[in-house]
Trainee: 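This is the structure, below, for whatever I ask next.
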Amino acid sequence: MKILGIETSCDETAVCIIEATGELSRGNVRFSVLGNALYSQVETHRPYGGVFPNLAKREHAKNLVPMLSVALKQADLLHSLATSSVRFSLTEVEKMLEREQGLFELLKNVLTAHKKPVIDVLAVTAGPGLEPALWVGVNFAKALSLAWDVPIVAVNHMEGHIVISAVKDEHIAPLDFPVLALLISGGHTELVLMKEWFHYEKVGQTRDDAVGEAFDKVARLLGLPYPGGPEISRLAKEAREKNILAPFPLPRAMLQSGDLDFSFSGLKTAVRRELEKLDGGHPMSVNVKMGVAREFEEAVADVFAAKVRDAFEQTGARTFIVGGGVAANDYIKQRLSDMIEKEFPKVEMRVCLAERATDNALMIALAGYLRAQRGNFAKPEDLVANGNLSLV
Ligand code: KG4
Ligand code: ZN
């Protein structure tokens, strides 16, 4: 089955085409990536130090069709002939895209220049995320579905992070349930228990900021560019190599809370207060930045290690999945895998490759495949973007 995945929930405009086979129940789901195109909007949002929803929407509308063209070209599907002929009425497609300025004009060129490609399913992120941004992808999927007469599957972005993180050696090997998933991204920080596939129970979550948001905010305090995660991680690594310590300790919040919840806003506030005390009108030295980055990353890793330990003790889960953009962080991954190996040696840990941890359309296409196999198709007229879409 060929699936075309579309992701526009935040600041990555991504289209991916995969060919997938096999079934979860047989543990033989395999896939190959035929085309994968991603446009990162970081440069657009950098001056604002975070993602600006309406700018994101505009950028998605501008870049979705070019990404579609690249993915189709890589997959060598631009000129492929489908058995049935193109069914679309351009007027209907135009109506579908009336809310996404300029998108129709771009798509029209692609639709009229090429034959219908052989795509079996469209998978699009329906939420959670920035709603104006999500709508662009959703309307785009509806327009393509109409034009190509292909069914749509609405994908939960967080399920996408879970599914891609469950991949091992390019296939989804059987999971030993219950599975505990730590989902850490720019918008989410949660511990989810899965007793079986597609059955989710939230056992812990952040009470304020998401961890990726904390990385981004602390980076800003240190004068580092957006997105802050990779920058902090790079400085922290250098600090460890050079044995540079922070000029002050940072708190490890919620360790005694008795539940599996997190809090990261205090950490950010502590960094701000301490930096103000240090400052005295002087510009921050590189060593201070390195030391703070290190202490911050270690504080986050300490909290995750402690909460994940508690979660395994409480749930008896047998598999550990880590997903979301912050799962690209080598240090956090290492700390978690050291803890699991030492304290829960029977637990299998699965984390995706760093480039698949941050938002991409491969994860949406793959989750879309699993949902399509269950017959979870969306009626285009009922399909909506939902910024707060929940897993449970
Ligand atoms: O999953 P994602 O791409 O988007 C959301 O769904 O939110 O996650 C983005 C977040 C950003 O906050 C970014 O700073 C963080 O992931 N991030 C990292 C690293 N790479 C990306 N955080 C820590 N270390 C990294 N290496
Ligand atoms: Zn994400």
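Owing to the predicted nature of the structure, the values given are computational and were not obtained by experimental measurement. Here, residue 1 is the first one in the sequence, and each next residue gets the next number. Atoms within each ligand, like the ligands themselves, are counted from 1 in listed order.
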Trainee: Please report which non-hydrogen protein atom sits nearest to atom 4 (O) of ligand 1, along with the residue it belongs to and the distance in Å to one decimal place.
Mentor: D359 OD2, 3.0 Å

Trainee: For F52 and Y48, take the angle between the two ring planes, folded into 0 to 90°, and tell me which bin it lands in: parallel under 30, tilted 30 to 60, perpendicular over 60.
Mentor: tilted

Trainee: Examine the proximity of ligand 1 to D216 and report which part, side chain or backbone, both or neither, has a heavy atom under 4.0 Å away.
Mentor: side chain

Trainee: Salt-bridge test for K237 and E241: reply yes if a basic N is under 4.0 Å from a carboxylate O, no otherwise.
Mentor: yes

Trainee: Report the nearest protein non-hydrogen atom to atom 15 (C) of ligand 1: residue, atom name, distance rounded to 0.1 Å.
Mentor: V326 CG2, 4.0 Å

Trainee: Does CD belonging to Q101 count more than 12 external heavy atoms closer than 6.0 Å?
Mentor: no

Trainee: Give the residue and atom name of whichever protein heavy atom lies nearest to atom 25 (C) of ligand 1, and the separation in Å to one decimal.
Mentor: G229 C, 3.6 Å

Trainee: Just to check, does G187 reach to within less than 4.0 Å of ligand 1 when the distance is taken from its heavy atoms?
Mentor: yes

Trainee: Give the C-alpha distance, both sets of side-chain angles, the deciding distance and a yes or no for salt bridge (charged side-chain N to carboxylate O under 4.0 Å, His left out) between R356 and E170.
Mentor: CA-CA 12 Å; R356 291 179 179 173; E170 292 312 85; 3.0 Å; yes

Trainee: What part of H161, side chain from CB on, backbone N/CA/C/O, both or neither, has a heavy atom under 4.0 Å from ligand 1?
Mentor: side chain

Trainee: Is there at least one pair of N or O atoms, one from G325 and one from ligand 1, spaced under 3.5 Å apart?
Mentor: yes

Trainee: Run the numbers for me: atoms of ligand 1, each under 4.0 Å from some heavy atom of G212, listed by number.
Mentor: 12 (O)

Trainee: Show me which atoms of ligand 1 lie under 4.0 Å from any heavy atom of H157.
Mentor: 6 (O)

Trainee: The Zn ion (ligand 2) to H188: any N/O/S contact under 2.8 Å?
Mentor: no

Trainee: Check each of Q41, E59, K62 against T13 using the side-chain hydrogen bond (donor to acceptor under 3.5 Å, both in side chains) test, and report the only one that passes.
Mentor: Q41

Trainee: Please determine if the Zn ion (ligand 2) has an N/O/S atom from C10 lying under 2.8 Å away.
Mentor: no

Trainee: Between L275 and F248, is any pair of side-chain heavy atoms under 4.5 Å apart?
Mentor: yes

Trainee: Applying a strict 4.0 Å limit to heavy atoms, is E297 in contact with ligand 1?
Mentor: no

Trainee: Please assess E105 against K108 for the test salt bridge (charged side-chain N to carboxylate O under 4.0 Å, His left out), listing each intermediate value before the final yes or no.
Mentor: CA-CA 5 Å; E105 284 308 315; K108 188 176 73 178; 3.3 Å; yes

Trainee: If you consider just the N/O/S atoms, which atom of H161 is the closest one to the Zn ion (ligand 2)?
Mentor: NE2

Trainee: Angle class for the F312/F320 ring planes (parallel below 30°, perpendicular above 60°, tilted otherwise)?
Mentor: perpendicular

Trainee: Is any side-chain N of the basic residue among R30 and D169 closer than 4.0 Å to the acidic one's carboxylate O?
Mentor: no

Trainee: To the nearest 10 degrees, how large is the angle at the Zn ion (ligand 2) between H157 NE2 and D359 OD1?
Mentor: 90°

Trainee: Can you sort out which atoms of ligand 1 are near G186, meaning under 4.0 Å from one of its heavy atoms?
Mentor: 5 (C), 7 (O), 8 (O), 9 (C), 10 (C), 12 (O)

Trainee: Are the side chain of D120 and the backbone of K2 linked by a donor-acceptor contact shorter than 3.5 Å?
Mentor: yes

Trainee: How close does the nearest protein non-hydrogen atom get to atom 24 (N) of ligand 1, and which residue and atom is it?
Mentor: N329 ND2, 3.1 Å

